[in-house]
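A short worksheet on the structure shown next.
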Amino acid sequence: MREFTLRPGARPLLRVVASQASADGAGVKIQRVAGFQSPDFSPFLMLDEIRSDNADDYIAGFPPHPHRGIETLTYMLNGEFEHRDHLGNRGAVSTGGAQWMRAGRGIVHSEMPAAGEGGMHGFQLWINMAAADKMNKATWRDIQAAEIPELPLDGQGSQIRLVAGRWNIGGEEKPAPLTDAAAEAAVADIRLAGNAEVQLSLPEEHSALVFVYRGALVTERGAISRGNMLLYGAGESLQLRAQDQGAGLLCLHGLPLREPIAHYGPFVMNSREEIEQALRDYNNGTLTD
């Protein structure tokens with residue numbers, strides 16, 4: 001393996017966070033990376049990966065539950081989820097598609113999987129909302145696989161799928177189907193060919209994170225294998241190189257909010273008092289009013 005040398009202007013790797021086995025919903029088995037109190041995660045709060053060939057690990061899904069103060073983005077590599085909420089929204093997203101939900105003041109929704117061939121592999125990302133926007137109206141939309149642009153990154157077969165936000169590809173700004181996410185949040189699925197190396201230009205004021213979901217990424221700290229989140233420092237670009245077997249990456253960038261975070265279950269606000277109010281509102285039936 002050739003030596004990895006960080007190019008001028010490239011963001012240094014600050015730290016690596018391993019995902020942890022957990023469960024959520026009605027017992028769905030997940031791998032979780034949480035960064036609620038980590039400034040270098042902001043505006044992202046948490047990433048869950050669902051990955052199993054056994055339907056028993058995920059089929060119970062996520063029955064109706066509330067949220068306030070966040071946005072969620074669900075992206076499927078394989079399998080299908082159906083969303084329903086108290087606003088009357090209903091839609092299914094399958095392999096290659098995504099769903100975005102702005103909880104705002106409050107939403108009650110369910111996400112239920114379908115048992116299909118090949119099992120389930122997908123992600124849910126929690127995106128924080130600015131304090132001034134947390135009580136805005138809830139909304140939702142789905143993005144089918146055919147709507148997501150898939151662009152070449154090099155001549156070796158590496159590709160990028162633009163799920164959310166705005167990206168600079170080959171010196172040109174390329175918007176994803178979803179550009180309304182909070183804090184200018186951007187999400188892309190990058191698939192690097194074996195030994196391929198690419199350089200992505202990112203807004204310097206944005207934070208940058210990469211989750212390795214397949215293969216391994218070569219860095220100045222050595223090879224980082226599947227199941228790890230990489231958090232990067234300041235710089236103009238992101239330098240990504242795959243090992244021999246290639247790599248699958250979920251790449252995130254967004255504007256850090258630099259606001260206090262209070263978190264309790266499905267609610268993310270800015271103070272303990274606001275969390276207590278959310279609990280009162282949910283218990284008395286006014287969370288979504």
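Since this is a predicted model, take the numbers as computed values, not measurements.
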Under the side chain to side chain donor-acceptor pair (under 3.5 Å) rule, collect the residues that match up with [X], sequence neighbours excluded.
X: R105; result: none
X: D154; result: S158
X: R272; result: none
X: D48; result: R32

[Y] backbone acceptor or donor facing [X] side chain under 3.5 Å:
X: E71; Y: M129; result: no
X: S207; Y: G254; result: yes
X: D24; Y: G27; result: no

**Message:** Quick test of your reading of the model: are E259 and K134 salt-bridged, counting only N-O distances below 4.0 Å?
**Reply:**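 K134 and E259: not salt-bridged.
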**Message:** Under a 4.0 Å threshold between the charged nitrogen and the carboxylate oxygen, would R68 count as salt-bridged to D281?
**Reply:**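 Salt bridge present between D281 and R68.
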**Prompt:** Side chains of S52 and N54: is there a donor and an acceptor less than 3.5 Å apart?
**Reply:**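 There is no such pair (donor and acceptor under 3.5 Å, judged by atom type) between the side chains of S52 and N54.
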**Asked** Quick one: do the E111 and Q99 side chains pair a donor with an acceptor below 3.5 Å?
**Response**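 Checked: E111/Q99 side chains show no N/O donor-acceptor pair below 3.5 Å.
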**Request:** Return the minimal non-hydrogen interatomic distance between E205 and P256, and the atom names on each side.
**Result:**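 That would be O-CD, 3.3 Å.
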**Message:** How close do P177 and E147 get, counting heavy atoms only, and between which atoms?
**Reply:**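 What the structure gives for the nearest pair is CG-O, 3.1 Å.
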Name all residues meeting the ring-ring contact (aromatic ring centres under 6.0 Å, His included) criterion together with [X]; count only those two or more places apart in sequence or in a different chain, and write none if there are none.
X: H86; answer: none
X: Y213; answer: H121, F123
X: H206; answer: H253

**Item:** For E184, all residues meeting salt bridge (Lys or Arg N to Asp or Glu O under 4.0 Å), sequence neighbours excluded
**Value:**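 Here no residue qualifies.
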**Message:** Holding to salt bridge (Lys or Arg N to Asp or Glu O under 4.0 Å), I want the full list of residues that pass it with K29, two or more places apart in sequence or in another chain.
**Reply:**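 Applying salt bridge (Lys or Arg N to Asp or Glu O under 4.0 Å) to K29 gives D57.
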**Prompt:** Given a cutoff of under 4.5 Å between side-chain heavy atoms of I, L, V, M, F, W and Y, with clusters grown through shared members, what are the other residues clustered with L151?
**Reply:**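 Besides L151, the cluster holds L13, V16, L153, I160, L162, W167, I169, I190, L192, V198, L200, L202, V210, V212, L217, I224, L230, Y232, L238, L240, L249.
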**Apart from M112 itself, residues in the same hydrophobic cluster as defined by side-chain heavy atoms under 4.5 Å** =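 Besides M112, the hydrophobic cluster comprises nothing; the residue is isolated.
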**Item:** Sequence neighbours excluded - side-chain hydrogen bond (donor to acceptor under 3.5 Å, both in side chains) pairs with any residue from residues 216-226
**Value:**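 Passing the test, one end in residues 216-226: no pairs.
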